[in-house]
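The next block holds one structure in the form of structure tokens; read it before the comments.
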Amino acid sequence: MALVAGSAAYQVLRGVTGTFPTQSATLLARAPALCTGTLNRRRMSSRRQTDHLERTANTFRQEIISPAKVCGITNESATVKRVRLAVANKEFTFKAGQWVDFFIPGVPKVGGFSICSSPGLLETEGVLELAVKYNLHPPAHWIHSQCTLGSEVAIRVGGEFCFDPLPSDLPLDLVLIAGGVGINPLFSILLHVVDLHKMREITGRCFQIGHVKLIYCAKNTGELLFKRNILDLVNSFPGKITCSFHVTQQSSPVCLQLQPFITEGRITEKDLASYVSTDHLCYICGPPPMIKSTCQQLESLHIPKEQILFEKWW
């Protein structure tokens with residue numbers, strides 16, 4: 001298993017050649033050392049948390065690795081930064097729900113971050129967005145401590161967790177279930193749903209999406225990422241998009257605008273029973289314990305396993 005992970009690390013880094021005129025050679029030269037270090041650490045401890053390249057060693061990746069430049073940075077919450085990247089390669093594409101390998105010159109660790117914007121934003125403006133929670137893992141720490149406007153990185157799309165219907169597909173209803181920063185790929189899917197609605201209104205030929213329900217749990221309202229954007233979408237598409245927010249450790253009063261959408265406590269099977277039916281397609285992203293319990297709850301509600309899709313990031 002370690003050998004596969006190391007080989008994947010080398011293949012991923014090998015593709016960076018030519019993307020940074022002055023920095024790619026240094027990054028590429030470090031690849032063998034990175035792989036050796038990964039293998040040695042794996043032998044020393046099988047209990048440690050694996051990094052992004054190891055977790056995704058056997059996961060689909062595109063061939064294109066594109067240079068990208070930071071063109072926007074905002075604080076999405078007290079612990080999460082939202083970064084906008086201008087993508088240089090015009091052939092670079094992604095599907096709603098996918099993630100990127102995130103290469104930083106001078107940082108040996110490769111990051112893995114879910115894209116939180118829609119494919120349509122990349123098509124129209126040549127940009128994509130990431131929302132990264134603070135932690136000491138080098139790529140995330142770099143974004144919070146060193147990343148500035150104009151910083152240059154490289155990105156590569158990967159992942160099999162996505163929503164990319166064909167125009168000829170039958171209409172369907174979605175349930176998106178998010179825990180914490182696991183909202184990122186699901187927000188991308190939600191924004192793609194909005195683009196599909198708009199395209200169908202204009203052309204009449206796009207995929208016909210049914211109702212979409214977002215169920216999102218976080219520690220408190222301050223950590224409910226994109227909440228204003230989500231409520232704007234709910235108001236803009238009545239009857240087509242609905243949401244329910246859950247908070248587990250709310251200590252301050254909830255603002256009036258959010259109160260109708262807030263439930264105290266974690267998402268329970270009773271909650272899910274009021275949201276889902278056997279014909280829903282369910283997408284889940286969050287911490288492993290949350291995903292495990294949610295899958296069990298959905299299965300007990302007789303949701304077919306093939307209609308339960310999930311992405312683990314921790």
Side-chain angles (χ1 to χ4, degrees), residues 9 12-13 15-31 34 49 51-53 55-56 61-62 64-90 92-94 97-119 121-122 125-159 180-185 187-188 191 218 222-229 285 313-314:
V12 168
L13 291 171
V16 181
T17 302
T19 59
F20 288 106
T22 59
Q23 297 157 335
S24 60
T26 300
L27 184 61
L28 179 59
R30 297 180 68 98
L34 170 63
Q49 184 177 8
D51 67 15
H52 168 65
L53 290 182
R55 290 195 303 270
T56 61
R61 280 178 166 83
Q62 291 186 6
I64 296 174
I65 296 182
S66 175
K69 183 174 290 187
V70 176
C71 59
I73 307 174
T74 58
N75 292 322
E76 188 62 34
S77 77
T79 61
V80 176
K81 283 194 179 291
R82 189 170 180 174
V83 178
R84 174 170 282 212
L85 300 172
V87 182
N89 192 320
K90 302 303 181 184
F92 184 96
T93 62
F94 73 93
Q98 290 185 304
W99 41 259
V100 293
D101 293 324
F102 195 80
F103 303 93
I104 307 165
V107 177
K109 286 284 187 180
V110 177
F113 305 121
S114 289
I115 302 166
C116 64
S117 54
S118 71
L121 183 66
L122 178 64
E125 300 184 27
V127 300
L128 61 77
E129 294 184 337
L130 311 172
V132 180
K133 189 176 180 67
Y134 175 82
N135 65 61
L136 295 179
H137 189 254
H141 191 261
W142 179 87
I143 286 175
H144 279 263
S145 63
Q146 299 180 51
C147 179
T148 60
L149 292 177
S151 291
E152 293 182 336
V153 296
I155 52 176
R156 181 182 193 180
V157 169
V181 77
I183 185 63
N184 278 326
F187 188 55
S188 176
L191 293 174
E223 290 298 317
L224 287 170
L225 308 183
F226 319 119
K227 54 184 175 290
R228 304 297 179 190
N229 307 86
C285 188
W313 270 104
W314 293 274

Under 3.5 Å, side-chain donor or acceptor atoms of residues 68-75 against the rest of the protein: list the pairs with distances, not counting sequence neighbours.
from: Asn75; atom 1: OD1; to: Lys81; atom 2: NZ; distance (Å): 2.8

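- Between Ile115 atom CD1 and Asn184 atom CG the span is 10.0 Å, to the nearest 0.5 Å.
- In this view, Ser188 satisfies the side chain to side chain donor-acceptor pair (under 3.5 Å) rule with no residue, not counting sequence neighbours.
- Lys133 meets the salt bridge (Lys or Arg N to Asp or Glu O under 4.0 Å) test with Glu223; sequence neighbours excluded.
- Taking both residues in full, the closest heavy atoms of Pro105 and Glu152 are given as CD-O, 3.4 Å, listed atom of the first, atom of the second, then distance.
- Side chains of Leu128 and Ile155 form a contact here, defined as non-hydrogen atoms less than 4.5 Å apart.
- Contact check for Val157 versus Thr93: no side-chain heavy atoms found under the 4.5 Å cut-off.
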- Task: Verify side-chain contact (heavy atoms from CB on, under 4.5 Å) between Phe113 and Val83, making sure each step is shown before the conclusion.
- Result: CA-CA 11 Å; Phe113 305 121; Val83 178; over 6 Å; no
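- Taking Phe94 as the reference, nothing meets the ring-ring contact (aromatic ring centres under 6.0 Å, His included) condition, with sequence neighbours excluded.
- Closest approach of Gly182 to Pro185, counting heavy atoms only: O-CD, 3.4 Å.
- Taking His141 as the reference, Ser145 meet the side chain to side chain donor-acceptor pair (under 3.5 Å) condition, with sequence neighbours excluded.
- Not a single donor-acceptor pair under 3.5 Å links the side chain of His137 to the backbone N or O of Gly111.
- Under the salt bridge (Lys or Arg N to Asp or Glu O under 4.0 Å) criterion, no residue pair touches residues 110-119, with sequence neighbours excluded.
- In terms of the side chain to side chain donor-acceptor pair (under 3.5 Å) criterion, residue partners of Glu129 (sequence neighbours excluded) are, by chain and number, Arg82, Arg84.
- In terms of heavy-atom proximity, Trp142 sits nearest to Ser151 at CH2-CB, 3.8 Å.
- In this structure, the separation between NZ on Lys109 and CG on Leu53 is 8.0 Å, given to the nearest 0.5 Å.
- Between Ala131 and Cys116 the shortest heavy-atom distance is N-SG, 3.8 Å.
- Side-chain atoms of Phe102 and Leu130, non-hydrogen and from C-beta on, do get closer than 4.5 Å to each other.
- Every side chain to side chain contact (heavy atoms under 4.5 Å, CB included) that Asn89 has, sequence neighbours left out, goes to Ile64, Ser66, Glu91, Phe92.
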